[in-house]
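Notes to accompany the following structure.
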Amino acid sequence: MRILKIESGYEIKYEPHQITHEELQRDYNYFVADRITRKMLEEGMITQEEYKMIQRLNLQSFKPFLYQLMPDE
C-alpha cells in the first residue's frame, strides 16, 4: 500500500490499479447508454424522473470503473 498524501489528519490511500479491457468496455458501454438517455431526455421522450431511474439502472448494470465517484441522484 502507498500513502500519497496526508491532509487534516486523514490518510488518503491509493492502490495502483491497471485498468482492464473489461473495465474499459464497461465504461464505454455506460458512456454510450448515457448519451442515448440524455438525447431521449432532450427530445422529450422521457421525463427527468425516468432519466434518473435509467441512470441508476445503468450504473448498476455497467458498473463503470469510477462507479463510486458517480453522483447518486
[X] [atom1] to [Y] [atom2] distance, which is reported to the nearest 0.5 Å:
{"X": "Ile19", "Y": "Asp27", "atom1": "CD1", "atom2": "CG", "result": "5.0 Å"}
{"X": "Gln48", "Y": "Met53", "atom1": "CD", "atom2": "CE", "result": "12.5 Å"}
{"X": "Gln55", "Y": "Tyr30", "atom1": "CD", "atom2": "OH", "result": "4.5 Å"}
{"X": "Thr37", "Y": "Glu50", "atom1": "OG1", "atom2": "CD", "result": "11.0 Å"}
{"X": "Ile36", "Y": "Asn58", "atom1": "CD1", "atom2": "CG", "result": "9.5 Å"}
{"X": "Asn29", "Y": "Glu22", "atom1": "CG", "atom2": "CD", "result": "10.5 Å"}

Legend entry - Over 12 foreign heavy atoms within 6.0 Å of CE, Met40: yes
Inset, instruction - Applying side chain to side chain contact (heavy atoms under 4.5 Å, CB included), run through Phe62 and Gln25 and close with a yes or a no. - result: CA-CA 9 Å; Phe62 295 112; Gln25 185 66 53; over 6 Å; no
Inset, instruction - Check the pair Glu42 / Lys39 against side chain to side chain contact (heavy atoms under 4.5 Å, CB included), numbers first and verdict last. - result: CA-CA 5 Å; Glu42 291 169 5; Lys39 186 69 172 171; 4.0 Å; yes
Legend entry - Lys63 backbone acceptor or donor facing Arg26 side chain under 3.5 Å: yes
Legend entry - Heavy-atom check, side chain of Tyr51 versus side chain of Asp34, under 4.5 Å: yes
